[in-house]
Amino acid sequence: MSQSTSCKTTSCKKAYITTPIYYVNDIPHIGHAYTTVIADTLAIYSRMIGHDTFFLTGTDEHGQKIEEAAKARNRSTQEYADEISGKFRSTWDRFDITYDKFIRTTDAEHKLGAQAAFKNMFDKGDIYKDVYKGHYCISCETFFPQIQLVDDEFCPECGKPTSIVEEESYFFRLSDYQDKLLAWYDENPECILPKSKRNEVIRFVESGLEDLSVTRTSFDWGVRIPEEINDPKHVMYVWLDALMNYLTALGYGTDEAKMDQWPARVHLIGKDILRFHAIYWPAFLMSLDMPLPKHIAAHGWWTRNGEKMSKSKGNVVNPIEIADAYGLENFRYFMLREVPFGGDGDFSQRALMDRINSDLGNDLGNLLNRLIGMSGKYFDGDVQSDLVSKYYQVELNEMKASITKLEPLLYDMQLHRYLDELWRPLSVANKAIDTYQPWTLMKEGREEEAMALNGLIANILANVAIMLHPVMPKTTVNIAKSLGFTIDGDSYQKIIQDGALLDRFTIEKIPPLFPRIEEMIIAETPKEEPKKKDEKKEVKKDDKAEGVALITIDQFFLTSLKIGTVIKAEEVPKSKKLLLLQVDLGDDDIRQVVSGIKEWYSAEELVGTQVCLVANLKPAKLMGLKSEGMVLAAKDGDGLVLMRPEKPKQSGTEVS
RNA sequence: CGCGGGAUAGAGCAGUUUGGUAGCUCGUCGGGCUCAUAACCCGAAGGUCGCAAGUUCAAAUCUUGCUCCCGCAACCA
């Protein structure tokens with residue numbers, strides 16, 4: 001897949017472009033595809049204009065989650081990681097992604113490089129060993145901050161008493177970098193794109209940074225800290241390990257031949273991992289005395305009907321399925337054109353079809369067909385440009401005005417506006433044909449003008465094909481072939497950089513590039529109620545099949561369930577989800593219960609109604625409020641309902 | 001009063017910095033054209049620019065207050 005073009009001059013610009021390394025606990029979905037396609041587009045563009053480009057993607061394979069996921073499937077961890085990593089790689093190959101390197105955090109070179117970095121940071125004094133002192137719940141195997149504890153002692157998870165436990169860990173002095181980070185954000189207004197995200201990060205950093213625990217001793221599946229430190233039970237924290245891939249891919253700490261690619265021009269990421277890239281990563285780099293990346297660009301989510309995609313909702317879009325059905329490059333175009341960078345976008349086959357039929361078919365494909373028809377009928381496909389500027393200078397100027405606006409848009413990640421602007425020349429061309437009516441020109445014997453018009457159209461198409469090439473590599477090569485020229489660094493230089501016209505085109509008839517799509521290709525899952533219920537039943541069966549632990553009746557009776565009457569309800573201030581209830585359990589037993597049901601029930605409608613309460617739950621503290629019980633409710637994709645007695649019962653009635 | 005972004009035609013967006021005729025894409029309707037993939041071109045309908053008040057000759061744009069939405073943080077016992 002490597003297509004990296006070497007630079008002819010020594011002074012030429014470097015372009016190191018990265019995607020995140022994808023975590024192998026999931027198979028590739030549209031979000032992964034989106035990030036990767038953006039990066040690929042930037043990489044192809046950057047090669048085309050002659051920059052020395054290095055495009056990196058890969059997989060992140062360490063951490064407890066992977067260890068557990070493999071165990072659950074009865075596989076060795078390495079075997080499992082190999083399988084998922086392979087799925088990512090084959091997906092990108094299917095997507096014609098032109099990555100120069102596919103890194104895996106299980107690569108030997110990566111581990112060595114990550115260890116070298118750890119050592120450097122340690123030697124500098126930025127990593128120090130300390131004990132993580134905290135309130136530890138033995139049964140939950142988790143530390144809790146003081147503020148979460150119930151009555152300053154009990155575990156908020158299970159209610160058992162916590163003990164103060166000291167666990168050793170290595171820490172990174174993130175707090176030392178707070179001011180330096182703020183200075184970096186301040187001096188580099190475009191370091192984080194879109195700009196709204198930069199604000200978010202600045203506010204977060206201003207609120208104070210604590211040192212970061214960067215090793216774990218609770219699992220093995222990770223990179224050991226360097227041998228020199230002689231502390232073999234410590235494994236690097238996954239994010240430290242993962243972020244380092246951007247350096248180790250260039251050979252940091254091993255064969256450093258490619259290190260001249262650093263710093264990265266752009267790290268493309270999804271908005272979920274902004275904090276790691278915008279705070280931890282620059283701080284690590286500062287510690288290593290490395291220059292910082294030029295841009296960290298965070299894009300938004302793809303939704304379905306405005307809802308987040310999730311496996312449980314069954315509305316996940318499989319990118320390969322879409323690419324197979326609608327055409328890979330059409331899908332690439334759609335993803336980049338449809339959504340303003342940084343914002344969320346809604347995926348639907350309807351929207352995709354509209355883009356294909358309207359933008360690609362009507363505006364672009366049909367224009368090429370018009371030219372094929374005209375030039376074939378009138379000039380046998382032989383088109384010359386020498387008189388274009390004599391008759392159509394206005395149109396040429398309009399086209400050039402658009403073309404020159406393109407590059408800055410790309411550097412600002414404004415891919416959707418880039419494509420919008422790129423479509424303007426097509427409109428100029430379509431308009432010109434109608435305005436000057438070549439068929440009339442031919443009837444009137446004004447062949448010269450008709451020829452020049454063909455030349456205008458052909459040159460506009462050539463310009464558009466070149467600038468569209470990074471988004472639709474194969475399609476644009478076909479367009480170029482039909483026009484009789486080649487898309488490469490030379491034609492880019494001549495046509496786009498120098499703004500020259502191609503003198504002559506030999507136009508060849510090709511079948512329509514974007515045949516009209518009349519109907520949705522993939523059957524939409526009816527997705528209405530019956531389907532959902534079916535899915536849920538299956539899930540439940542699966543749960544049983546996998547063996548939800550069986551309990552004895554005695555164990556069941558350990559839980560005290562009671563009917564309670566809500567005598568007072570109010571909203572918890574500043575909380576999106578919580579309501580504060582006073583529940584009467586009879587015998588003067590009035591419980592204060594904090595419940596996360598505000599999104600589905602208002603305080604007023606609850607007062608006087610009955611609920612089912614777990615009465616012997618250890619108290620917990622939520623938003624600083626004590627909660628002495630749990631209200632039973634059932635929640636699914638459509639919302640949450642409380643479990644209530646069918647008819648009113650006396651407060652305090654036992655449920656069994 | 002935790003931080004930030006937003007509300008403009010049926011949908012999606014631009015315009016707000018620097019007040020001066022409200023614009024683009026898709027969709028709808030009417031017309032034109034035949035080189036073309038029922039495509040292309042022209043035209044029309046459709047908006048009290050979230051609400052209220054203020055400044056001004058003039059407010060989508062500036063000021064103040066309010067409502068609602070969406071991110072981040074917190075949070076589902």
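Here is how names work: the chains are called A, B, and so on, in the same order as the sequence lines, proteins then strands, and each is numbered from 1.
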When the ring centroid of [X] is compared with that of [Y], is the distance short of 6.0 Å?
X	Y	value
A:Phe276	A:Trp281	no
A:Tyr436	A:Tyr392	yes
A:Phe331	A:Trp302	no
A:Trp239	A:Tyr23	no

Between [options], which nucleotide gets closest to the side-chain atoms of [X]?
X	options	result
A:Asn369	B:rU37, B:rC41, B:rC26	B:rU37
A:Ile433	B:rC35, B:rC41, B:rU37	B:rC35
A:Ser595	B:rA77, B:rC40, B:rU37	B:rA77
A:Arg203	B:rG71, B:rC3, B:rA39	B:rC3
A:Leu578	B:rC41, B:rG71, B:rC76	B:rC76
A:Lys443	B:rU37, B:rC26, B:rU34	B:rU34
A:Arg275	B:rC72, B:rC40, B:rA77	B:rC72

Distance, C1' atom - from B:rU56 to B:rA45, rounded to whole angstrom: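 About 34 Å, rounded to a whole number of Å.
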C1'-based separation of B:rG50 from B:rA59 [nearest Å]: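 So the two C1' atoms sit 16 Å from each other.
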Integer-rounded Å distance: [N] [atom2] and [X] [atom1]:
X	N	atom1	atom2	value
A:Glu200	B:rG5	CD	C1'	9 Å
A:Lys271	B:rC70	NZ	P	12 Å
A:Leu441	B:rU34	CG	C1'	14 Å
A:Leu513	B:rA36	CG	C1'	13 Å
A:Phe505	B:rC35	CZ	P	22 Å
A:Arg424	B:rA14	CZ	C1'	10 Å

Per-pair stack call A:Tyr378 and B:rC35, 5.5 Å, 30°: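 No, A:Tyr378 does not stack on the base of B:rC35.
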Side chain proximity check, A:Phe514 to A:Thr475, heavy atoms < 4.5 angstrom: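 Yes, close enough: below the 4.5 Å cut-off.
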Student check: side-chain heavy atoms of A:Glu329 and A:Lys474 closer than 4.5 Å: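 Yes - at least one pair of side-chain heavy atoms lies under 4.5 Å apart.
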Salt-bridge criterion met for A:Arg424 and A:Asp420 (N-O under 4.0 Å):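 Looking at A:Arg424 and A:Asp420, the cut-off is met.
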Under-3.5 Å donor-acceptor pair between A:Asp434 side chain and B:rG32 base: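 Answer yes: a donor N or O sits under 3.5 Å from an acceptor.
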Quiz item: A:Asn366 side-chain donor-acceptor pair to B:rA39 base, under 3.5 Å: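 Checked by distance alone, the answer is no.
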Measuring to OP1 and OP2 of [N], would you say a side-chain N or O of [X] lies under 4.0 angstrom away?
X	N	value
A:Asn362	B:rC40	yes
A:Arg516	B:rA39	yes
A:Arg355	B:rU25	no
A:Lys377	B:rC35	yes

Watson-Crick or G-U pairs under 3.5 Å in RNA chain B, rendered as dot-bracket with [ ] for crossing pairs and | for another strand: .(((((((.[[[[.)....(..]]]].(((((.......))))).....[[[[[..)....]]]]])))))).....
Interatomic distance, A:Met643 atom CE to A:Ile563 atom CD1 [nearest 0.5 angstrom]: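 Those atoms lie 10.5 Å apart.
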